[in-house]
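Worksheet for the structure shown next.
Below, chain A is the first sequence line, B the second, and so on; all start at residue 1. This structure is a prediction, so every number in the text was calculated from the model and none was measured.
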Amino acid sequence: MTLDSRFAPGDVEPRLYTGWESAGSFACDPDSNAPPFTIMIPPPNVTGSLHMGHALTFTLQDTLVRWRRMQGRDALWQPGTDHAGIATQMVVERLLAAEGKDRREMGREAFLERVWQWKAESGGTITTQLRRLGASLDWPRERFTMDDGLSAAVKETFVTLYNQGLIYRDRRLVNWDPKLQTAISDLEVENREIKGSLWYLRYPIEGEPGQFIIVATTRPETMLGDTAVAVHPDHPVYGALIGKRAILPLVGRSIPIVADTYADPEKGTGAVKITPAHDFNDFEVGRRHDLPMPSVLDRQANITLEEIEDVLATGPDTAFVRSLAGQSRFAARSAIVAELERLELLEKIEPHVNQVPHGDRGGVPVEPFLTTQWYCNAGVLAKPAIEAVETGRTVFVPKQWENTFFAWMRDIQPWCISRQLWWGHRIPAWYGPDGSVFVAKDAADAAVQARAAYGRDEELVQDEDVLDTWFSSALWPFSTLGWPEQTKEVERYYPGDVLVTGFDIIFFWVARMMMMGLHMMGDVPFRTVYIHGLVRDEKGQKMSKSRGNVIDPLELIDSFGADALRFTICSLTGPGRDVKLGASRVQDYRGFVTKLWNAARFCEMNGMQPDPAFDPAGAKLPLSRWLLDTANTAVADATAALEVYRFDEYAAAGYRFVWNNFCDWFLELAKPLLAEGADPADAAEIRAVGAHVLGLILRLLHPSIPFVTEELWDRFGYGEPCSLIGAAWPDAVPVTDAAEARSELDWVIRLIGEVRSVRAEMNVPPSKPSPVLLRDARADVLGRVDRWIEAIRRLARASDVQVLTGDVPKGSAQAVLDETTIVLPLEGLIDIAVERTRLAKDRDKLVVDAKKMRQKLDNPEFVSRAKEEVVAENRERLASFEAEIARLQAALDRLE
RNA sequence: GGGCGGUUAGCUCAGCGGUAGAGCGUCUCGUUUACACCGAGAGGGCCGGCGGUUCGAAUCCGUCACCGCCCA
């Protein structure tokens with residue numbers, strides 16, 4: 001063997017990953033008797049490449065999967081990608097544009113062929129990158145949201161929900177993205193604060209020359225489509241105008257002045273213009289008052305006059321209005337404001353900050369647009385999902401996210417599921433010549449339905465639109481398992497155990513999977529939803545291309561190794577916190593990987609080799625038993641942390657055990673026992689225990705740092721190559737007299753610590769060893785001194801350790817350890833004044849503590865009301881403080 | 001406007017009724033059977049402000065301030 005002096009992740013990672021993958025180590029086994037453990041990957045967009053958010057979520061998932069797999073669960077981590085309708089279509093359209101082509105010229109079929117071709121060439125980027133991270137996904141089961149099986153699931157669901165009346169067509173306002181020219185759902189709209197203006201417009205009162213009603217608006221360009229003015233019924237001034245009519249400027253339409261509580265008397269003038277076709281609130285007002293709803297913007301949000309032609313035809317002077325036709329909404333706004341000002345119909349302009357809805361993909365302001373779209377009745381589907389979370393059938397971790405989930409679900413709006421795109425699941429609906437709709441899984445089914453309806457064959461045309469990408473994502477937890485076929489996998493792996501994802505897609509995805517899972521499968525899709533934070537840069541800023549602070553996880557992997565990145569992520573992932581991450585943090589945690597590597601090298605150099613015959617329960621040496629006992633604690637801590645998704649505590653438990661217990665003390669204290677001339681039986685036991693615990697460490701840490709642990713496992717021969725991934729998660733081992741071993745090692749560690757501390761404070765150079773004398777030592781301490789003499793010499797720079805029988809030599813430094821006073825005769829090396837100050841400082845600190853303690857115990861309220869054990873504990877502590885003060889004082893007195 | 005989260009050592013964060021902690025950084029010292037991506041030691045905190053509950057509050061309650069998200 002002989003390990004290299006440095007761990008070389010770049011060489012090791014690809015080799016081990018290939019080894020695992022080709023051995024089928026990531027595969028679940030539907031025929032096994034082991035209890036299943038299922039995690040569904042949040043399918044990344046097929047257009048995606050690995051970013052830090054992926055690195056975070058997939059590291060956590062892989063850690064959980066590897067851990068459960070080692071615990072003997074039949075783990076399924078289901079991979080796949082999402083067809084990402086808009087994103088993918090945009091990518092391919094951009095490619096086409098570079099070739100001077102346009103999808104509309106190509107036609108639907110040719111375009112889709114091109115997208116599939118793109119997918120075949122470039123769609124695998126992210127899955128390749130996930131391998132670099134070490135993600136142990138069950139690759140042969142990889143799915144794509146538009147593959148045949150998943151498409152069948154989509155059709156099945158659509159048809160079922162349609163037949164149940166839960167999917168329907170409706171003509172109402174939708175959020176329209178004029179750039180992408182498609183409807184989008186409420187969730188795809190983000191409000192941005194825009195500094196704009198509030199324009200006050202004068203609308204003349206019909207039949208009362210010189211009288212006006214003044215309306216305030218943020219969108220003057222839509223006034224062409226106004227069909228009323230609304231005022232609050234109790235409005236002090238305008239209330240009197242209710243029932244009268246106003247003349248819409250420029251257009252000349254006569255519009256009613258209606259009473260509606262929507263008009264807020266506190267806002268603007270208390271009168272608002274009503275444009276039912278271009279504002280969600282106005283649409284409702286329009287419905288209440290039965291107003292006409294002419295659209296004056298087209299699909300590209302340019303002015304169109306088609307629907308107000310009837311009014312314009314009779315109008316007096318419409319040249320200006322006609323000049324607006326085809327202009328953009330922004331140009332029209334300026335023109336209309338200028339014209340109104342010219343006509344002295346502009347009262348005033350106030351600066352105004354308003355929330356302008358933008359499409360999250362297209363990035364331009366969306367327009368409310370009156371069209372017919374397909375909707376899903378989310379209100380009905382939400383109820384069982386809400387109940388499932390209320391009753392704990394699905395639990396969110398951290399729990400506070402349940403509130404977010406409830407808030408959205410209890411006020412859920414109809415979900416617009418149709419999109420005017422080409423790339424996606426085409427809506428399985430066909431129209432007859434008279435517009436009748438036939439919803440079916442395929443054209444043949446639709447034809448059968450049509451024949452029954454018409455009594456003859458009629459030509460049917462399929463709906464041009466596709467479904468919202470999230471519709472297929474909502475089915476992911478069961479569609480990937482083969483549903484609607486009743487497969488073994490559906491039977492065995494649904495519902496999943498845990499969904500791991502970010503809070504940003506609770507509404508988009510988690511809520512919808514809950515709704516669809518409960519409705520179509522009759523059960524929740526997962527028992528637990530673990531919500532993690534966002535990855536931010538080192539300063540806590542969100543990573544974005546525009547800020548230029550994006551960190552590429554692949555570069556971090558290249559520089560520091562996948563293990564370092566993964567361990568950093570685990571360490572920084574506390575509950576409900578964002579993860580602030582920069583290269584320097586990863587570099588820091590690489591130190592841990594290196595430390596582990598070097599500890600293993602030391603083990604190797606000292607002949608620690610795995611021995612399957614070794615039984616740790618038979619270990620005799622206190623050092624062995626202490627290490628095994630401490631390892632038990634580490635395993636218990638790590639396991640408990642993973643059970644509750646405390647990745648930070650899991651990482652910390654491993655870090656502490658490896659660095660602070662195994663390296664700092666076990667290996668150091670083992671050195672004398674392994675040295676030449678030491679007892680061969682003792683040395684043999686230490687080697688065996690060391691090898692045993694190193695193997696335990698590798699198993700304990702494998703879920704978060706799989707590569708370095710597997711490499712060491714293989715090199716030491718703990719098992720066959722690439723077998724650590726399948727090794728058993730460590731259990732506690734019985735340790736004889738653990739408490740006694742703990743007490744002894746605790747004493748040795750504190751003794752060495754005290755001596756080191758005194759020497760450092762007294763500036764004694766390490767090159768000058770000193771005798772260590774023990775005064776007032778108990779009998780059992782003498783045995784310890786005997787057993788640990790070599791270690792103390794080595795680690796405390798002691799020339800010798802002896803019991804002090806006579807007086808304390810002149811010029812000694814002293815320290816107190818339990819009932820023992822440690823004496824370091826350092827005449828000439830230390831300054832007595834400094835030593836006096838040091839001892840006095842230690843004493844005074846204890847005096848302050850003891851005083852606080854005494855005050856507490858002197859308080860009758862405390863003694864009578866506090867828990868008995870707390871009182872007892874305080875009494876003991878006070879006693880030990882007082883004893884130590886006395887010893888420090890005695891030490892001080894001896895200095896005189 | 002409503003809701004959620006945060007405010008603890010220079011930085012990043014644990015702790016969430018009973019002696020204020022870790023990692024990193026800082027300072028001092030140091031190459032000794034692995035590791036300078038190392039070892040030893042030290043310093044560093046009115047636990048955001050103000051009230052309250054309690055024998056006891058970083059921890060529970062109220063309130064305010066600031067920061068960050070989400071929804072209107």
Would A:Lys595 pass as a cation-pi partner of A:Phe662, given that its NZ or CZ must be under 6.0 Å from the six-membered ring centre and within 45 degrees of the axis? no

Strand contacts (RNA chain B) in residues 789-798 of chain A, 4.0 angstrom heavy-atom criterion: A:Arg794

Please measure how far the C1' atom in B:G52 lies from the corresponding atom in B:U28, and state the result in whole Å. 47 Å

Tell me which donor-acceptor pairs under 3.5 Å the side chains of residues 585-594 of chain A have, and how far apart each pair is, sequence neighbours excluded?
| unit_1 | atom_1 | unit_2 | atom_2 | d |
| --- | --- | --- | --- | --- |
| A:Thr594 | OG1 | A:Arg590 | O | 3.1 |

Enumerate the salt bridge (charged side-chain N to carboxylate O under 4.0 Å, His left out) contacts for residues 641-653 of chain A, please, sequence neighbours excluded, ordered by first and then second residue. A:Arg68-A:Glu643, A:Arg646-A:Asp648, A:Arg646-A:Glu649

Using the P atom in both, what is the distance from B:G68 to B:C13, to the nearest Å? 15 Å

Any residue of residues 639-651 of chain A with a heavy atom less than 4.0 Å from an atom of RNA chain B: A:Arg646

Taking all atoms of both residues into account, what is the closest heavy-atom pair of A:Arg219 and A:Pro368, and its distance? NH1-CD, 4.5 Å

Within the 4.0 Å heavy-atom criterion, would you say A:Asn606 contacts the bases, only the backbone, or no part of the nucleic acid? base

When the nearest nucleotide of RNA chain B is assigned to A:Glu873 and to A:Pro672 on a heavy-atom basis, which residue is associated with the more 5' position? A:Glu873

If you measure from the P atom in B:C47 to the same atom in B:A58, how many Å do you get, rounded? 7 Å

Sequence neighbours excluded, which residues qualify as salt bridge (charged side-chain N to carboxylate O under 4.0 Å, His left out) partners of A:Asp746? A:Arg750

Just the rounded figure in Å: distance from P of B:U19 to CG of A:Asp849. 11 Å

Is the A:Phe7 to A:Trp597 ring centre distance short of 6.0 Å? yes

Apply side-chain contact (heavy atoms from CB on, under 4.5 Å) to A:Ile752 and A:Trp665, showing your working. CA-CA 11 Å; A:Ile752 293 167; A:Trp665 293 106; 3.9 Å; yes

Roughly how many Å apart are B:U31 and B:C37, using the C1' atom of each and rounding to a whole number? 16 Å

Indicate for each nucleotide in nucleotides 34-45 of chain B, in 5' to 3' sequence, whether protein heavy atoms under 4.0 Å reach the base (B), only the sugar-phosphate (S), or nothing (-). BBSBSSSSSS--

Could you tell me if the ring centre of A:Phe567 sits under 6.0 Å from that of A:Phe647? no

Rounded to the nearest Å, what distance is computed from the CD atom of residue A:Glu876 to the C1' atom of nucleotide B:U19? 13 Å

Whole-Å P distance, B:U63 and B:C4: 12 Å

Return a single string for nucleotides 67-72 of chain B, one symbol per nucleotide in 5' to 3' order, where B is base contact, S is sugar-phosphate-only contact and - is none, cutoff 4.0 angstrom on heavy atoms. -----B

Non-hydrogen atoms of A:Asp578 and A:Gly533 that approach each other most closely: OD1-CA, 3.4 Å

Taking atom C1' in both B:G43 and B:G51, compute the distance separating them and give it to the nearest angstrom. 35 Å

Between A:Ser185 and A:Glu188, a side-chain donor and acceptor under 3.5 Å: yes

Quick one: A:Lys845 NZ to B:U19 P, roughly how many Å, whole number? 13 Å

Residue among A:Asn606, A:Leu627, A:Leu621, A:Leu667 satisfying side-chain contact (heavy atoms from CB on, under 4.5 Å) with A:Ile686: A:Leu621

Dot-bracket for RNA chain B, please. Rules: Watson-Crick or G-U, both distances under 3.5 Å, ( ) within the strand, [ ] when a pair crosses earlier ones, | for another strand, . otherwise. (((((((..((((....[..)))).(((((.......))))).....(((((..]....)))))))))))).

Atom pair NE2 (A:His358) and CD1 (A:Ile184), whose distance is rounded to the nearest 0.5 Å: 11.0 Å

Protein and nucleotides 7-12 of chain B: nitrogen or oxygen contacts under 3.5 angstrom:
| unit_1 | atom_1 | unit_2 | atom_2 | d |
| --- | --- | --- | --- | --- |
| B:U7 | OP1 | A:Arg577 | NH2 | 3.4 |
| B:U12 | O2' | A:Arg585 | NH1 | 3.2 |

Side-chain polar contacts of residues 847-854 of chain A - donor-acceptor pairs under 3.5 angstrom, sequence neighbours left out - could you list them?
| unit_1 | atom_1 | unit_2 | atom_2 | d |
| --- | --- | --- | --- | --- |
| A:Arg854 | NE | A:Glu882 | OE2 | 3.3 |
| A:Arg854 | NH2 | A:Glu882 | OE2 | 3.0 |

Using the C1' atom as the point on both nucleotides, what is the distance between B:U59 and B:G48, in whole Å? 15 Å

Heavy-atom closest pair, residues A:Ser571 and A:Ala651: OG-CB, 3.4 Å

Counting the atoms with a prime plus P, OP1 and OP2 as sugar-phosphate, which does A:Asn859 contact under 4.0 Å by heavy atoms, base, sugar-phosphate, or nothing? sugar-phosphate

What closest approach, in Å, do A:Met52 and A:Ile551 show between heavy atoms, and which atom pair accounts for it? CG-O, 3.3 Å

Specify the separation, in whole Å, of atom NZ of A:Lys852 and atom P of B:A57. 13 Å

Just verifying a value: how many Å separate A:Arg6 CZ and A:Arg601 CZ, rounded to the nearest 0.5 Å? 9.5 Å

Across all chains, not counting sequence neighbours, the side-chain hydrogen bond (donor to acceptor under 3.5 Å, both in side chains) partners of A:Glu193 are A:Gln355

Tell me whether the count of non-hydrogen atoms from other residues, nucleotides or ligands lying under 6.0 Å of CD in A:Glu868 goes above 12. no

Find the distance between CG (A:Leu596) and OG1 (A:Thr709) and round it off to the nearest 0.5 Å. 8.0 Å

Tell me the closest heavy-atom pair linking A:Leu824 and A:Pro771, and the distance in Å. CD2-O, 3.6 Å

Using whole Å, report how far CG of A:Asn763 lies from C1' of B:G30. 12 Å

More than 12 non-hydrogen atoms from neighbouring residues, nucleotides or ligands closer than 6.0 Å to CZ on A:Arg361, yes or no? no

Check whether any side-chain N or O of A:Tyr655 sits under 4.0 Å from OP1 or OP2 of B:A14, and answer yes or no. no

Within residues 861-868 of chain A, residues whose heavy atoms come under 4.0 Å of RNA chain B: A:Glu861, A:Phe862, A:Arg865, A:Ala866, A:Lys867

Among B:U33, B:U19, B:C55, which nucleotide sits nearest the side chain of A:Arg877? B:U19

Least distance between heavy atoms, A:Arg794 atom then A:Glu668 atom: CD-O, 4.5 Å

Between B:G44 and B:G25, how far apart are the two C1' atoms, rounded to whole Å? 12 Å

